[in-house]
Amino acid sequence: MNRIQELFNQKKGNILNVYCTAGFPQLESTVPVMKALQDSGVDMIELGMPYSDPLADGPVIQASSTKALANGMTIATLFEQLRGFRQQVYVPVILMGYMNPVLQYGFEKFCQHAADAPIDGLILPDLPEYEFETEYGPIIQRYGLNFIFLVTPETSEERIRKLDSLSTGFLYAVSSSSTTGKDKDMNAVNDFLQRLQNMKLKNPVLVGFGIKDKPTFQQACEHANGAIIGTAFIKAIENTADVEGATKKFITDIKS
Amino acid sequence: MTTTTYQQPNAQGYYGKFGGAFIPEMLHRNVEELRSKYLDIIYDPAFQKEFRSLLHDYAGRPTPLYLAQRLSKQYGTTIYLKREDLCHTGAHKVNNTIGQILLAERLGKKRIIAETGAGQHGVATATVCALKGVECIVYMGEKDIERQAPNVARMKMLGATVIPATSGSKTLKDATNEAIRDWINNPVDTHYIIGSVVGPHPYPDMVARFQSVISEEIRWQLKEKTGSELPTHVLACVGGGSNAAGAFYHFLEEPSVQLVAVEASGHGVHSGLSAATTQLGKPGVLHGSKSLVMQTEDGQVVEPHSISAGLDYPGIGPLHAHLYDSGRGVFLSATDEQALQAAFNLAKQEGIIPALESSHALASLEFLNPEKPKQSEAPIPPKALFTKDSVVVVCLSGRGDKDMATYMKAMEMK
C-alpha cells in the first residue's frame with residue numbers, strides 16, 4: 001500500500017491536493033515549496049514536470065513551465081533534487097507531465113527513478129488508455145506506481161467505468177471544456193460530480209480545473225473526495241520573494 | 001500492431017512504429033467522433049460528388065501535369081511538374097480544406113478552427129469557411145503574423161478571425177498548441193481543420209486521403225502522356241508532409257517508384273538552424289501522435305529554422321516517419337540557399353515562380369542529376385539517382401507570390 005491508499009483510508013473527504021511546477025519559481029524551489037505546502041496542511045502534492053508544449057494546461061501553468069525550463073529544470077535534475085526529500089516531505093506526491101520528455105528519459109528508467117525517489121503516482125494526460133493497456137501500464141505497475149486517469153463530463157459512462165478500472169489511487173475529474181486556469185460554471189460541474197458519485201466507482205474522485213479559493217474548494221468537496229488546485233496557487237507564488245509565506249497564506253485561506 | 005500497406009494505418013492509426021492518438025481525455029470525444037465517422041462520411045457517394053465538384057469547379061482541378069522541357073534538358077532526364085501552384089488560393093492546401101469543411105458540415109459543426117504557419121493553410125481554411133458561411137478562427141504565431149502580413153490580410157478579408165499565439169516560441173508549433181486548446185475548451189460545436197498529415201489519428205490518414213487526389217491525377221495524366229501510369233521518381237518537399245503524402249499516395253504500393261521527400265535544412269543540417277526532422281529528430285510525441293520530433297536531450301521540443309515558413313516545423317507526419325524508418329522513402333534536404341537558387345532557376349528556365357517550400361523539392365534535382373550530382377548532406381541510395389530514361393514528377397506544391405519579399409531581398413543581395 002502506498003501513501004495515496006493510506007491517505008484515502010484515513011481521510012474520505014476534503015482532501016486538498018495542490019499542484020506546483022518543479023523548478024519554479026527558482027530552480028531550487030521544488031522541495032522547499034513541497035515542504036511549505038505540507039506544513040500548511042496540504043494532503044497531497046501534484047508535482048509538474050515542465051514541458052515546452054503542455055497541451056492540457058492553460059497560460060499560467062505554461063508560463064511557470066517556461067520559467068522552470070529557463071531556470072534549467074530537467075527530469076534528471078528533478079530526480080537529483082528529490083534525493084532524500086522523504087526526510088522532509090511525507091505526504092503523497094504525484095508526478096504530472098507529458099509523454100515526450102518521459103519517452104526521451106526512457107519510460108522504464110523514468111518509472112524506476114520515480115519509484116526510487118519514492119514518488120507515489122503518475123499523471124500523464126497525453127497517455128491514452130489504449131497505449132496504457134498495450135505498452136506502458138505494465139511497466140508502471142511493475143514499479144508499484146499509481147496511475148491516475150482523467151474523466152470529463154463528455155466521457156461516456158461506459159468509458160468512465162473503464163478508466164476507473166484502469167486507474168489506481170484516484171480518478172481525476174476535470175470539467176469539460178477545460179484547459180487549466182479557466183473559470184467554470186460550478187453548477188454544471190456539480191451535476192457531473194453527482195453523476196460520478198452515483199456511479200459508485202472503485203476509486204476516490206478528486207476534482208481539478210477551476211478550483212481557486214475556499215468557496216470553490218468547498219463546493220467541489222460536496223460531491224467528491226477532494227479537489228486539486230493548480231493555476232491559483234502558481235499565481236499566488238509567481239511574483240513574490242517570500243514563496244513559503246505566500247504558500248502558507250494561500251493554503252490557510254482555503255482551509256480556514 | 002502491423003500495417004499491411006503503406007497507404008493505410010492500422011486501426012489505432014499506426015504506420016509501423018509511428019502514429020496513434022496521444023491526446024488528453026478532454027479531446028477524446030471529438031477525436032473519437034471523427035475516427036468513428038470519417039471513412040463512412042468521406043466515401044458516401046453524395047460527399048464524393050460534392051467534394052469532386054468543388055475540386056473541379058472551385059479549386060480548378062485537375063491541375064496540369066506539365067512537361068518542363070528546358071528543366072529536363074538541364075538535368076538530362078524527363079521532368080514533369082504537377083502544378084498544384086495553379087490551385088485556387090495558390091497551393092495544394094485547399095484540397096484538404098474543401099474535404100474537411102464538407103466533413104465538418106456533416107458532423108453538424110458550426111465553428112471552424114485552424115492553425116497556420118506561413119498563412120497558406122489559414123487562407124485555404126478561411127476560403128472554404130467563407131464558401132460555406134461558417135465562423136472561422138485561425139491561430140497564428142505572433143512572429144508569423146509579423147512576417148506574413150499579406151496572408152493575414154487575406155484571411156481577414158475572407159472574414160476569418162486571426163488570433164495571435166503568444167506562448168512558447170510564438171510560431172507554428174505554438175499556434176497548433178493554441179488551436180488544440182481552443183478545441184479542448186469548445187468540445188461540442190467546433191471542428192479543427194488540421195493543415196497537414198500530423199495530429200492524432202485519424203488526421204494523418206484523413207488529410208492524406210484528401211490530398212491523394214494529387215497522385216490520382218498524376219497517374220492518369222502520365223498514362224495519357226507517356227503510356228505508363230508510373231513515373232520512376234516522385235519528388236516533394238516535406239514539412240509536416242501534406243503535399244508529399246498526396247503526391248506519393250497512389251505510388252506507395254508501387255515499389256518501382258522512388259519516393260523522394262525533401263526537408264528544409266536551413267543553414268545546413270548540423271548548423272543549429274535547420275528543420276530537417278528525419279536527420280535531427282528522435283522518436284517522440286508531438287501534437288497527438290508518435291513520430292520523429294526535433295527535441296533536446298530532455299525531450300523539450302526545439303524551434304526549427306527554414307527560410308520557408310511552411311517547412312518550419314519540428315515534427316513530420318507519422319506516415320513519413322514510417323517511410324523514412326522502413327526505407328521506402330528517400331529523404332534528402334536542401335538548404336535555404338539551395339532552395340533560393342532552385343526558385344530563381346525555375347523562374348528563368350520555365351517562367352514559373354515557385355513557392356519557397358516547393359523550391360526545396362526542385363533543389364533536390366541537383367543531387368539526383370546523373371551528369372554532375374551535387375554533394376547532398378543526406379546519403380543518397382544509388383537507386384534514387386536519375387538516368388536519362390527516368391520519368392521524374394516534381395510536386396510544385398505552391399506558387400511564389402507569397403514569397404516575393406524574400407525573393408526581392410535575395411535579388412538585392414546579388
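Per chain, numbering begins at 1; letters A, B, ... match sequence-line order. Note that this is a predicted model, so its numbers are computed, not measured.
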When rounded to the nearest 0.5 Å, the distance separating NE2 of B/H28 from CZ of A/R159 is 3.0 Å
Under 4.5 Å from a heavy atom of chain B, the part of A/T66 involved: neither
Contact origin within B/V302 toward chain A - heavy atom pairs under 4.5 Å: neither
Chain B contact via A/Y51 - side chain, backbone, both or neither, heavy atoms under 4.5 Å: both
Taking all heavy atoms of A/E154 and all of B/P187, pick out the closest pair and write down the distance. OE2-CG, 4.1 Å
What residue, out of A/D53, A/I75, A/L150, has the most heavy-atom pairs lying under 4.5 Å from chain B? A/D53
Which atoms of B/E297 approach chain A - backbone, side chain, both or neither, heavy atom under 4.5 Å: backbone
Considering only heavy atoms from C-beta outward, does the side chain of A/P59 approach that of B/E178 to under 4.5 Å? no
Which pair of heavy atoms, one from B/E25 and one from A/T155, lies closest together, and at what distance? OE2-OG1, 3.1 Å
Applying a strict 4.5 Å limit to non-hydrogen atoms, the region of A/L103 in contact with chain B is side chain
Heavy-atom distance under 4.5 Å to chain B: side chain of A/M49, backbone, both or neither? neither
Under 4.5 Å to a heavy atom of chain A? For B/P200 that would be neither
When A/A76, A/P54, A/S65 are compared by non-hydrogen pairs under 4.5 Å with chain B, the top option: A/P54
Using every non-hydrogen atom in the two residues, find where A/N100 and B/Q295 come nearest and quote the distance to one decimal. ND2-OE1, 2.8 Å
Chain B heavy atoms under 4.5 Å from A/V151: which part of the residue, side chain, backbone, both or neither? backbone
OG1 on A/T134 to CD on B/Q12, rounded to 0.5 Å: 7.5 Å
Quick check: closest heavy atoms across A/Q104 and B/G299, and the distance to 0.1 Å? CG-CA, 3.5 Å
Among B/T176, B/I23, B/I180, B/L27, side-chain contact (heavy atoms from CB on, under 4.5 Å) partner for A/L55: B/I180
